[in-house]
Amino acid sequence: METLNYRFEHGTQRLTTGPQVVGVVGSGNLEVLIEPAALDGACTIEITTAAVGFGPIWQAVMNDFHARWLLADTRISINDMGATPAVVSLRLDQAVQTMLGEAS
């Protein structure tokens, strides 16, 4: 297992609803917990993954996610069991959309 931590500053979009969980930890999938948090305008992401050694790929996916949403005062925790970058992006977008009330 590997734990990766990212922090993105200067977000502009704050989420105000309670914590949400999307996805299911399982082979080739992941679980995302997203919640508002007092982080001085930052968004933090902690990833626990079974796929060790993919830090540069995770960094690219997190950079892309941050550029799309520009979240502020948001904490995200990811439990991963080998999800592909496309699945990671899908789950992260699903988590934000759930917080915004756009997903069912």
Side-chain angles (χ1 to χ4, degrees):
M1 296 297 282
E2 182 174 19
T3 300
L4 305 167
N5 289 285
Y6 301 96
R7 183 180 178 98
F8 296 96
E9 304 290 342
H10 312 298
T12 57
Q13 182 164 230
R14 286 177 172 77
L15 305 173
T16 58
T17 61
Q20 298 288 323
V21 176
V22 298
V24 177
V25 178
S27 179
N29 209 330
L30 74 158
E31 172 186 75
V32 175
L33 168 64
I34 186 169
E35 58 190 330
L39 297 169
D40 295 322
C43 174
T44 62
I45 304 170
E46 180 179 272
I47 301 161
T48 303
T49 180
V52 176
F54 291 90
I57 293 170
W58 279 104
Q59 180 73 60
V61 172
M62 296 305 106
N63 289 346
D64 180 63
F65 170 74
H66 177 68
R68 270 195 318 279
W69 292 103
L70 294 173
L71 295 177
D73 292 323
T74 304
R75 179 181 300 118
I76 299 172
S77 302
I78 299 173
N79 294 315
D80 172 59
M81 289 300 289
T84 65
V87 170
V88 173
S89 290
L90 173 81
R91 287 286 180 244
L92 285 168
D93 288 347
Q94 181 184 21
V96 174
Q97 290 166 349
T98 298
M99 292 286 283
L100 295 174
E102 297 174 9
S104 55

Using the side-chain hydrogen bond (donor to acceptor under 3.5 Å, both in side chains) criterion, which residues pair with E31? Sequence neighbours excluded. N79
Hydrophobic cluster partners of V25 (side-chain heavy atoms under 4.5 Å): M81
Going only through I, L, V, M, F, W and Y residues with side-chain contacts under 4.5 Å, is there a path from L39 to Y6? no
Inter- and intrachain pairs under salt bridge (charged side-chain N to carboxylate O under 4.0 Å, His left out), touching residues 5-15, at least two apart: R7-E9, R14-D73
From the list D93, V32, L92, side chain to side chain contact (heavy atoms under 4.5 Å, CB included) with V22 holds only for V32
Quick one: side chain to side chain contact (heavy atoms under 4.5 Å, CB included) partners of T84, sequence neighbours excluded? A86, V87
State, with a plain yes or no, whether a side-chain heavy atom of V88 is found less than 4.5 Å away from one of F65. no
Note: V24 and N29 closest approach over all heavy atoms is O-CB, 3.4 Å
Where do P36 and T16 come nearest, in terms of heavy atoms and distance? CG-C, 4.3 Å
For residues 38-51, pull every pair meeting side-chain hydrogen bond (donor to acceptor under 3.5 Å, both in side chains), keeping only residues two or more places apart or in separate chains. T49-D80
To the nearest 0.5 angstrom, please state how far the OG1 atom of T12 sits from the CG atom of L70. 4.5 Å
Separation between CD1 (I34) and CH2 (W69), nearest 0.5 Å, reads 9.0 Å
So which heavy atom on C43 is nearest to which on L71, and how close? CB-O, 3.4 Å
Sequence neighbours excluded, which residues qualify as salt bridge (Lys or Arg N to Asp or Glu O under 4.0 Å) partners of E2? none
Nearest 0.5 Å, please: how far is OG1 in T17 from CG in L100? 7.5 Å
Is it true that I76 and I57 fall in one hydrophobic cluster, defined by side-chain heavy atoms closer than 4.5 Å? yes
Between M62 and L4, is any pair of side-chain heavy atoms under 4.5 Å apart? no
Running the 4.5 Å side-chain criterion over Ile, Leu, Val, Met, Phe, Trp and Tyr, what cluster does V21 land in, apart from itself? L33
Within residues 52-67 or reaching into it, pairs that qualify as side-chain hydrogen bond (donor to acceptor under 3.5 Å, both in side chains) - sequence neighbours excluded: Q59-N63, D64-R68
Nearest 0.5 Å, what's the OG1-CE distance between T74 and M99? 6.5 Å
Return the set of residues passing salt bridge (Lys or Arg N to Asp or Glu O under 4.0 Å) with E35 (not counting sequence neighbours), or none when no residue passes. R75
